[in-house]
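Here the structure comes first, spelled out in structure tokens, and everything after it is commentary.
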Amino acid sequence: MDIASVIVDVPAKQTDREFDYRIPEKWKQVIKPGMRVIVPFGPRMVQGFVTGLKSKSDFAKLRNIKEPMDLEPILNDELLKLGDWLTKEAMCFKISALQAMLPAAMKAKYEKVINIIEDKKEQLPPLIQKLFGKHDSLSWKDVIEGEHASLFQKEVQNGNLELMYYVKNRLNKKTVRIIKPLLSPEELKEMASTLSGNAKKQQELLQYFIEHPEPVSLKELLEMVNASSGTVKSLVSKGALVELDQEIYRDPYENRVFEKSNPFTLTDEQAAALKPIQEKIKHDEHEVFLLYGVTGSGKTEVYLQAIASVMDKGKEAIMLVPEISLTPQTVKRFKERFGEQVAVMHSGLSVGEKYDEWRKIHRKEVKVVVGARSAVFAPFENLGLVIIDEEHESSYKQEETPRYHARDVAIQRAKSYSCPVILGSATPTLESFARAKKNVYQLLTLSQRMNKNALPAVDIVDMREELRTGNRSMFSELLFTKLKDRLEKGQQAVLMLNKRGHSSFVMCRSCGLVINCPNCDISLTYHRFNDIMKCHYCGFEEGMPSDCPECASEHIRFFGTGTQKVEEELAKILPDARVIRMDVDTTNKKGSHERLLNAFGEGKADILLGTQMIAKGLDFPNITLVGVLSADTMLHLPDFRSSEKTFQLLTQVSGRAGRHQLPGEVVIQTYTPEHYSIELSAMQDYDFFFEREMYLRRQSHYPPYYYVVLITVSHEDLMKTVSVTDKITNYLSSRLNRDSIVLGPVASPISRINNRYRYQCLIKYKREPDLNQHLRTLLEHYQKETAQNHLQISIDLNPQIMM
DNA sequence: AGCACGCCGACT
DNA sequence: GTCGGCGTGCTC
């Protein structure tokens with residue numbers, strides 16, 4: 001077995017297969033499947049993943065592996081298999097699938113340098129010698145971008161310079177410098193007596209180690225003795241002390257203390273839900289549970305106790321939470337229950353912190369991981385449970401390749417380990433609920449809030465009516481009255497502005513011109529804090545014009561309601577209210593999200609104003625009012641799930657009110673009060689919504705009745721875009737079953753991004769066993785054009801967003 | 001993806 | 001005659 005099959009880090013159609021390499025004698029016992037290696041590939045060096053070992057290869061002229069990058073496999077057999085599955089499932093390159101399962105820090109960094117070949121320095125032209133200065137190597141990038149690139153190239157050909165390729169880890173393990181004495185206290189004392197009288201600091205240092213012989217970090221030592229590193233160095237050279245680097249973890253929760261919490265007594269409903277889960281855990285059986293529990297029904301406690309059962313068996317658990325609700329509040333609950341056994345993975349961590357959390361899992365130092373989507377790949381080897389909280393959240397689907405859905409990955413892994421999966425939500429996706437009804441998943445229901453309080457009372461306000469009665473503000477009479485009332489009672493309110501698809505655009509009041517991005521077919525968004533207009537798709541920026549570029553009128557201004565504008569209006573109508581605003585602008589700094597929430601929790605504000613990000617996970621006892629300023633902004637998006645999304649969001653945000661002793665109220669403002677998703681969310685009637693929406697989905701051949709694939713074609717040339725999309729549509733229609741539906745070509749909802757036109761083709765089908773093959777054939781056919789990047793074809797199986 | 005190889009036009 | 005444009009094909 002001295003040959004390794006390797007997947008190389010070259011994401012391209014032609015290299016999307018295994019390449020064989022000979023394992024050098026000295027690493028025969030070392031190199032195993034699942035390790036990263038550095039291999040020669042053509043003229044350069046690349047990173048690769050060993051996927052298998054064999055003793056024979058069809059290829060005659062094998063090259064040697066240059067060196068391993070790991071000491072032990074970083075992907076176990078299960079994850080390697082999962083990689084194969086993911087490759088198929090997401091129709092991506094194998095290498096992309098493997099890399100998606102690992103923290104970004106483990107992706108290779110490449111460096112290309114140009115070196116002087118030994119003894120040849122004199123033969124180089126003086127100009128080149130001068131550019132090298134006293135160095136022996138220069139970065140290739142600097143050389144090729146400099147003015148003398150061809151001169152260098154010539155010398156490479158002459159054999160006086162050589163090109164070298166390096167593959168490195170993106171990141172290293174973090175270390176601290178540790179100082180420890182090499183000698184016994186007695187010997188140190190002796191040395192102290194021989195030191196010259198003016199070496200005062202050295203004396204102090206020795207004295208320190210005579211009293212504390214144990215190792216200490218350099219930083220702490222210098223602070224305690226008030227010495228400089230030079231002093232330490234001289235004692236090191238005298239052989240009294242030694243410096244060494246000790247590997248440490250970057251701990252994002254370093255300075256926080258978590259108080260141990262104990263399991264709560266479950267309500268009857270909770271206990272009834274937990275029991276079947278524990279049965280499956282006990283017997284190591286696979287099952288997917290759908291835990292359907294109204295907001296505030298205590299799903300988290302069920303999760304916590306299920307995890308505890310898994311840990312009692314010595315197994316591990318993965319807890320997935322949507323990115324936006326992965327707040328310190330959430331993390332705290334898990335750390336309080338399971339202490340040091342918990343690793344946390346989310347996008348707020350630095351690359352290094354994520355890497356360290358990953359290593360804690362890999363080394364089996366933790367038993368539980370709480371994290372966002374990618375934590376589903378946590379390298380556990382004895383997985384006992386996967387939980388997906390807020391199962392309906394669309395952020396569980398990765399929108400870049402590999403376009404995987406964490407729910408599918410979780411189920412796949414749970415099958416491998418023969419362990420249960422819990423999908424939890426107050427508003428499950430239609431797909432999941434339909435499966436539960438068909439007993440594909442097992443349905444567990446929590447129908448009551450833990451405090452036995454009723455769900456909050458909801459009022460729907462018709463904003464058209466408000467307008468008719470002369471109220472042109474963004475607050476209805478009712479919402480204003482209730483806000484004032486809470487202010488007087490010293491209770492708290494949450495206001496949500498549903499901004500998606502409705503941001504502030506700039507329009508001329510005289511001629512109606514809306515200012516669009518020059519590169520994309522979408523209006524620019526106005527940003528008040530620096531008075532510029534910005535494109536959210538390509539990053540284009542422009543100053544706000546003082547008059548209309550079309551008709552030169554001065555009446556050009558921004559429209560739409562941003563959170564900033566709401567804040568200003570609040571200050572006018574309720575000048576005494578203390579408001580905390582949470583949106584992308586106020587939460588982009590690290591930790592600001594947490595700081596704002598803490599401030600609100602401590603009662604430092606009366607009103608929390610924000611976008612969708614406040615809809616989830618907030619759990620403060622003093623919130624008795626929730627206001628939704630415009631419920632219907634995303635109802636009219638060109639997406640078959642827009643009703644479902646609206647229903648989910650409204651139900652979730654309503655659930656923020658009255659979770660504890662004080663009863664809650666909700667005011668929903670809308671221009672379409674008669675829409676069923678608004679009406680039914682006000683009645684908190686999921687079951688009826690489900691029936692209604694299912695009926696419509698069946699009518700229009702959408703999930704869960706049909707599967708959907710979205711193909712988006714983009715090209716700089718409009719005609720080319722249309723014609724390729726047309727060919728693709730025709731190709732598929734002619735090959736698919738008669739009851740499958742192929743729609744297109746149609747322009748994408750955003751028909752141009754970054755000067756590339758976008759067209760799409762939508763496939764709806766019930767059963768198409770060969771669809772994957774057809775799609776691969778299509779990609780193959782356009783491979784040349786896509787490789788040159790003129791043409792882009794993206795295939796999204798089960799898309800969550802139809803743009 | 002890179003990179004070499006190779007085949008044509010416009011220059012010292 | 002050579003330099004350099006980028007089309008083509010390969011990487012164990």
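Treat the numbers as computed from the prediction; the structure is a model and nothing was measured. Chain letters run A, B, ... following the sequence lines, proteins first, then strands; residues in each count from 1.
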Counting the atoms with a prime plus P, OP1 and OP2 as sugar-phosphate, which does [X] contact under 4.0 Å by heavy atoms, base, sugar-phosphate, or nothing?
X: A/Ala60; answer: nothing
X: A/Lys112; answer: sugar-phosphate
X: A/Arg44; answer: base
X: A/Phe59; answer: base
X: A/Tyr110; answer: nothing

### Query
Between A/Phe19 and C/dC12, do the rings stack, that is, sit under 5.5 Å apart with planes less than 30° off each other?
no
Rounded to whole Å, how long is the line connecting atom [atom1] of [X] with atom [atom2] of [N]?
X: A/Gln783; N: C/dC10; atom1: CD; atom2: P; answer: 12 Å
X: A/Asn64; N: C/dT11; atom1: CG; atom2: P; answer: 17 Å
X: A/Arg17; N: C/dT11; atom1: CZ; atom2: C1'; answer: 8 Å
X: A/Lys154; N: C/dG4; atom1: NZ; atom2: C1'; answer: 13 Å
X: A/Lys54; N: C/dC12; atom1: NZ; atom2: C1'; answer: 9 Å
X: A/Ile31; N: C/dC12; atom1: CD1; atom2: P; answer: 16 Å
X: A/Lys141; N: B/dG2; atom1: NZ; atom2: C1'; answer: 16 Å
X: A/Trp140; N: B/dC3; atom1: CH2; atom2: P; answer: 8 Å

### Message
With nearest nucleotide decided by heavy atoms, which residue, A/Gln788 or A/Gln153, maps closer to the 5′ end of DNA chain C?
### Response
A/Gln153
Under 3.5 Å, side-chain donor or acceptor atoms of residues 60-67 of chain A against the rest of the protein: list the pairs with distances, not counting sequence neighbours.
| residue | atom | partner | partner atom | Å |
| --- | --- | --- | --- | --- |
| A/Arg63 | NH1 | A/Gly42 | O | 3.0 |

### Message
Tell me whether A/Glu431 is salt-bridged to A/Arg641, with the criterion being a basic N under 4.0 Å from an acidic carboxylate O.
### Response
yes
### Intermediate values then yes/no, salt bridge (Lys or Arg N to Asp or Glu O under 4.0 Å), A/Glu381 and A/Lys364
CA-CA 9 Å; A/Glu381 302 203 309; A/Lys364 307 192 171 17; 3.0 Å; yes
### Query
Is A/Arg359 positioned over the aromatic face of A/Tyr355, cation under 6.0 angstrom from the ring centre and no more than 45 degrees off axis?
yes
### Query
When you measure from the centre of the six-membered ring of A/Tyr765, is the NZ or CZ of A/Arg767 under 6.0 Å away and within 45° of the axis?
no
### Query
For residues 777-787 of chain A, which residue pairs qualify under side chain to side chain donor-acceptor pair (under 3.5 Å), counting only residues two or more places apart or in two chains?
A/Lys720-A/Glu785
### Intermediate values then yes/no, side-chain contact (heavy atoms from CB on, under 4.5 Å), A/Asn754 and A/Tyr537
CA-CA 8 Å; A/Asn754 236 332; A/Tyr537 286 87; over 6 Å; no
### Any residue of residues 7-14 of chain A with a heavy atom less than 4.0 Å from an atom of DNA chain B
A/Val10, A/Pro11, A/Ala12, A/Gln14
